[in-house]
**Q** 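This is the structure I want to talk about, given as structure tokens.
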There are 2 protein chains.
Amino acid sequence: MTSFEQPQHILLIDDDQELAELLSEYLASEGFKLSCCFDGTSGLAKAFDDDIDLILLDVMMPKLNGFEVLKALGSQHKTPILMLTAKGDEADRVLGLELGADDYLAKPYNHRELLARIKAILRRIDIAKNSNTHSSIETINNVTLNHGTRTVSCHQQEVILTGTEYQILHYLMQHHGQIVSKESLSETVLGRRLTSFDRSIDMHVSNIRRKLLSNSPIDKLKTVRGAGYIFLSGETQ
Amino acid sequence: MTSFEQPQHILLIDDDQELAELLSEYLASEGFKLSCCFDGTSGLAKAFDDDIDLILLDVMMPKLNGFEVLKALGSQHKTPILMLTAKGDEADRVLGLELGADDYLAKPYNHRELLARIKAILRRIDIAKNSNTHSSIETINNVTLNHGTRTVSCHQQEVILTGTEYQILHYLMQHHGQIVSKESLSETVLGRRLTSFDRSIDMHVSNIRRKLLSNSPIDKLKTVRGAGYIFLSGETQ
DNA sequence: AAGCCAATGTAAAGATTGTGTAAAGGTTGA
DNA sequence: TCAACCTTTACACAATCTTTACATTGGCTT
């Protein structure tokens, strides 16, 4: 999603000016904005700019070579780095990756592959960022679970559940539309075998039902006598 | 941070059982946990498990090949994927990356390089997730942190916190609106595992609460019984 | 259809666990 | 040594889980 808000800004650190121009044109045609630095020192300075989304870093350079730039940036640097190199040496690749590079491409490279790798890195960052903030929310049949806050809402209205109730509802929703036995609920959620006169699961389900029904006219939990419970998927049936 | 809470879990989808064993041993020695699936179908099913941190996906496989698994997972799948292939074909690499793979390694590969690539991907995800929150928090819900002077104010009035209290509040604010477990607070701030009768975190949180409440009528820290604490973002909820 | 019984619903009581916090005990650094 | 701070202890209390008890239901037999 962030990827389409504005052109992604790529910083190329490479002393080959001819290549820079070619690349700039190609990446522009793919919707990227390219800035160039022709030696390690100036590249290092620009690498800390907040609006740089990705760095293409050549290894062979005057003043400061690629590995030295990597070291200077540190492995926790927040902008991803794709290394470019004339040699395809494995030891170099490993060293680069260990120093904090995200990927490694040997020259001469195909533009399409470079583009694919750039996109792969940016896509992964985008997914990782969102997975954190929107911390996995799932909605089925008007019931929404928010794992980040361990909260539940039914028809857009919050419902207060206890920890165990939340886990049971979660498990039932994971298997929505299919029967979930009390045995598996007990083992998964309560962590113990279901014994003859243990009515805990029944009580928890009863409580969940009551709480959900305060926000919805229809029961979302169906009892299958002698078999277990089903969280109804909605629609037909 | 997340990286040290528990061993990272890697899923290998490959029909070569011998390789699987070798890899399992090697990765275990590096602190990873490896699960294996020997065909695409079962691998695909396991790929959706929440506790998988990274997938190693072989291209040549019975039932469903690597590309088909990729397609089935979709390019927005939240677990990163490293493709393994016998051929080093460039067209294959590009196709894999475009379909949603994060990286590509040709067999036979060096274990050290595989490890470096795995770590590079996981490191990048970790940084991306944290960059969201870690960067300049300053003010949330009328509570302001001033990193330069390590001072805190609540509703424009200074609050005196000890070092540990400051760190705990900082961590909670970094994850505002989300549950933060006592375990991760203990590990991150106190630098030790939370043990059965350790009440330090409770005490620190209690003290932070009291100090903040002297400047504000409403409690900014919510307790989620059995789960942890949330620094409330303000507004609704 | 009537009657029986096991399975289920659920209110209420009882047991257990997690949390808040005062106060005491330790630790550290000036 | 003292002061500031962190940790442990202790106890109260509230939230939650489990058990008990009884009502209700649905399927089965006769």
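Throughout, protein chains are lettered first and strands after them, A, B, ... in sequence-line order, and every chain is numbered starting at 1.
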**Q** Looking just at side-chain N and O atoms, do His155(B) and Asn215(B) make a donor-acceptor pair shorter than 3.5 Å?
**A** no
**Q** Does any N or O in the side chain of Arg123(B) come within less than 3.5 Å of the main-chain N or O of Ala101(A), such that one atom is a donor and the other an acceptor?
**A**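 Side chain of Arg123(B) to backbone of Ala101(A): a pair is present.
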**Q** Pick the nucleotide of DNA chain C nearest each of Gly226(B) and Arg210(B); which residue has the one closer to the 5' end?
**A** Gly226(B)
**Q** Using only side-chain N and O atoms of Lys182(A), determine if any of them is under 4.0 Å from OP1 or OP2 of dT8(C).
**A**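 Yes, within the criterion.
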**Q** In this structure, which one of Leu190(A), Ile201(A), Leu169(A) forms a side chain to side chain contact (heavy atoms under 4.5 Å, CB included) with Thr164(A)?
**A**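 Running side chain to side chain contact (heavy atoms under 4.5 Å, CB included) over Leu190(A), Ile201(A), Leu169(A) with Thr164(A) returns exactly one hit, Leu190(A).
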**Q** Whole Å only: how far is the CG atom of Asp198(A) from the P atom of dA7(C)?
**A** 14 Å
**Q** Between the side chains of Arg124(A) and Asp102(A), is the shortest nitrogen-to-carboxylate-oxygen separation below 4.0 Å, so that they form an ion pair?
**A**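 So Asp102(A) does not pair with Arg124(A) through a salt bridge.
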**Q** Salt bridge or not between Lys182(A) and Asp202(A)? Use side-chain N to carboxylate O under 4.0 Å.
**A** yes
**Q** If you compare every side-chain N and O of Tyr229(B) against the phosphate oxygens of dG20(C) (OP1, OP2), does one of them come in below 4.0 Å?
**A** yes
**Q** Within the supplied structure, the quantity of interest is the number of heavy atoms (other residues, nucleotides, ligands) at a distance under 6.0 Å from Arg112(B) CZ; does it exceed 12?
**A**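 No, because the 6.0 Å sphere around CZ of Arg112(B) holds 12 heavy atoms or fewer from other groups.
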**Q** Could you work out which one of dT21(C), dA11(C), dG9(C) sits closest to the side chain of Asp202(A)?
**A**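 Looking only at side-chain atoms, Asp202(A) lies closest to dG9(C).
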**Q** Below 4.0 Å from chain B heavy atoms, what is the first contacting nucleotide of DNA chain D and what is the last?
**A**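 So the contact region on DNA chain D extends dC5(D) to dT16(D).
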**Q** Classify the side chain of Arg199(A) versus the base of dG9(C) as yes if they form a donor-acceptor pair under 3.5 Å and no if they do not.
**A** yes
**Q** Once you build an axis from the first five pairs and another from the last five of the helix from dA1(C)-dT30(D) to dA30(C)-dT1(D), how far apart in angle are they, to 10 degrees?
**A** 40°
**Q** How many Å lie between CG on Leu185(B) and P on dG18(C), as a whole number?
**A**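 Computing the Leu185(B):CG to dG18(C):P distance gives 17 Å.
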**Q** With nearest nucleotides of DNA chain D determined for Arg192(B) and Glu165(A) from heavy-atom distances, which residue corresponds to the more 5′ nucleotide?
**A**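 Taking each residue's closest nucleotide, the earlier one in sequence belongs to Arg192(B).
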**Q** Select one nucleotide: of dA23(C), dT17(C), dG20(C), the one nearest the side-chain heavy atoms of Thr223(B).
**A**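 Taking heavy atoms from C-beta onward, the closest nucleotide is dG20(C).
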**Q** Using a 4.0 Å heavy-atom cut-off, does Thr162(B) contact any base of the nucleic acid, only the sugar-phosphate backbone, or nothing at all?
**A**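 Since only primed, P, OP1 and OP2 atoms lie under 4.0 Å of Thr162(B), the category is sugar-phosphate.
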**Q** In whole angstrom, what separates Asp219(B)'s CG from dT21(C)'s C1'?
**A**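 Roughly 14 Å, once rounded to whole Å.
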**Q** Which part of the nucleic acid does Asn207(A) contact within heavy-atom distance under 4.0 Å: base, sugar-phosphate only, or nothing?
**A** nothing
**Q** Would a distance-only check, ignoring hydrogens and angles, find a side-chain to backbone donor-acceptor pair under 3.5 Å from Asp53(B) to Gln8(B)?
**A** no
**Q** Without decimals, in angstroms, what is the distance between Met203(B) CE and dT27(C) P?
**A**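 Computing the Met203(B):CE to dT27(C):P distance gives 18 Å.
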**Q** Indicate yes or no for a side-chain donor-acceptor contact from Lys71(B) to the backbone of Leu99(B) under 3.5 Å, with no hydrogens or angles considered.
**A**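 No, the answer is negative, given that no donor and acceptor are paired below the 3.5 Å cut-off.
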**Q** If I take atom CD1 in residue Ile201(A) and atom P in nucleotide dT10(C), what distance separates them, rounded to the nearest angstrom?
**A**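 Checked: the CD1 to P distance equals 15 Å.
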**Q** Any salt bridge linking Glu187(A) with Arg193(A)? Criterion: basic side-chain nitrogen under 4.0 Å from a carboxylate oxygen.
**A**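 Salt bridge present between Glu187(A) and Arg193(A).
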**Q** Output the rounded distance in Å from CZ (Arg209(B)) to P (dT21(C)).
**A** 7 Å
**Q** Is there a donor-acceptor pair under 3.5 Å between the side chain of Asp14(B) and the backbone N or O of Asp58(B)?
**A**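 Answer holds: no.
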**Q** Take the protein atom CD1 of Ile179(A) and the nucleotide atom P of dT8(C), then report the distance between them rounded to whole Å.
**A** 11 Å
**Q** Rounding to an integer number of Å, can you tell me how far Arg225(A) CZ sits from dA6(C) C1'?
**A**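 Between C1' of dA6(C) and CZ of Arg225(A): 7 Å.
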